Participant: 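Quick one: the structure is below, questions incoming.
Start at 1 and go down the list; that is how both ligands and their atoms are numbered. Source: prediction; values computed, not measured.
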Amino acid sequence: MSYIEKNIKELRKEIDEICSEIGRNPEEIQLIAVTKTVDHERINEAIGAGAKDIGENKVQEIMEKYDVVSNVNWHMIGHLQTNKVKYIIDKVKLIHSVDRMSLAEEINKRAKQHGKIMDVLVQVNVANEETKFGLASNEVFEFFEKIQALEYIRVKGLMTIAPYEENPEAVRKYFKMLKELFEEIKTKQFPRVEMKYLSMGMTNDFKVAIEEGANIIRVGTGIFGRRNYN
Ligand SMILES: *Cc1c(COP(=O)(O)O)cnc(C)c1O
């Protein structure tokens, strides 16, 4: 068994264990294998081991790998430049990183041209980190008021990237905040908004995220090992 296969098995076991401790159904939890810097051979190994959803944070990497990696759902999880939307609009299943109206409008325009409805998540910077993208929590409602007018976009939930902390307990409060926002938005019943997905939790903090209600987790290092950026 390859280390990738072993890591995925181990992850699924951990997900099962957390879910049984807190009384959630593990099938609710979507595992996204984050493949930035990972070559297509290793991605295909992960697919062989049961990975069905792949997350990339750069348009360029999706473009390079799209034709050599098949039978998966692609997720755009990183900062998306408006002028690059056109390259991925027909390739990705879900864009996790919508954080401004100009981007939402461009996605809407390109989706319309392709005759499709694009599913997106709204990225929230719950910890208010200067170095991270995402809306501030207090901007979220106004943003939903506006984005719900776009006919070729369906908002499917929220996404956050928690600050990196050695001890994942330190970020529990941010996951709680995102979950609260999620529930609050649900009660507003905006048209074209279906609050279904809560995308939060990475290698270091996915357990806490699941405990706080995540149903999409994004794991890179925990599957492929440490990234080599060279
Ligand atoms: C890289 C990345 C991840 C995965 O991070 P790991 O710590 O390697 O699991 C998750 N989400 C986003 C947005 C990322 O860029």
Participant: Out of the candidates M200, Q123, H96, E129, only one should pair with I161 under the side-chain contact (heavy atoms from CB on, under 4.5 Å) rule; please name it.
Facilitator: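 Checked M200, Q123, H96, E129 against I161; only one passes side-chain contact (heavy atoms from CB on, under 4.5 Å): Q123.
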
Participant: Short list, please: which atoms of ligand 1 are under 4.0 Å from a heavy atom of T221?
Facilitator: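 Every atom of ligand 1 under 4.0 Å from some heavy atom of T221: 6 (P), 7 (O), 8 (O), 9 (O).
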
Participant: For residues 165-190, which residue pairs pass the ring-ring contact (aromatic ring centres under 6.0 Å, His included) check, not counting sequence neighbours?
Facilitator: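 Applying ring-ring contact (aromatic ring centres under 6.0 Å, His included) to every pair that reaches into residues 165-190, excluding sequence neighbours, yields F144-F190.
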
Participant: Any salt bridge linking E212 with R172? Criterion: basic side-chain nitrogen under 4.0 Å from a carboxylate oxygen.
Facilitator: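 Here E212 pairs with R172 in a salt bridge, since their nearest N and O are under 4.0 Å apart.
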
Participant: Any idea which atoms of ligand 1 are less than 4.0 Å away from a heavy-atom of I161?
Facilitator: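 Checking each atom against I161, I get 13 (C).
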
Participant: Pairs of nitrogen or oxygen atoms closer than 3.5 Å, one from N204 and one from ligand 1: do any exist?
Facilitator: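 So ligand 1 has no N or O lying under 3.5 Å from an N or O of N204.
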
Participant: Quick one: which ligand 1 atoms are inside 4.0 Å of a heavy atom on R218?
Facilitator: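 Those atoms are 4 (C), 9 (O), 10 (C), 11 (N), 12 (C), 13 (C).
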
Participant: Check the pair Y3 / R42 against side chain to side chain donor-acceptor pair (under 3.5 Å), numbers first and verdict last.
Facilitator: CA-CA 10 Å; Y3 74 95; R42 291 199 294 152; 2.8 Å; yes

Participant: Counting each atom of ligand 1 from 1 as listed, which ones have a heavy atom of G220 under 4.0 Å away?
Facilitator: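 Reading through ligand 1 atom by atom, the close ones are 4 (C), 6 (P), 8 (O), 9 (O).
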
Participant: Please could you name the atoms of ligand 1 that K36 approaches to less than 4.0 Å, counting only its heavy atoms?
Facilitator: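 Every atom of ligand 1 under 4.0 Å from some heavy atom of K36: 1 (C), 2 (C), 3 (C), 14 (C), 15 (O).
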
Participant: Show the atoms of ligand 1 that are less than 4.0 angstrom away from any heavy atom in V219.
Facilitator: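 It comes down to these atoms of ligand 1: 9 (O).
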
Participant: Decide if atom NZ of K58 counts as having more than 12 heavy atoms of other residues, nucleotides or ligands within a radius under 6.0 Å.
Facilitator: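 It does not: K58 NZ has 12 such atoms or fewer within range.
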
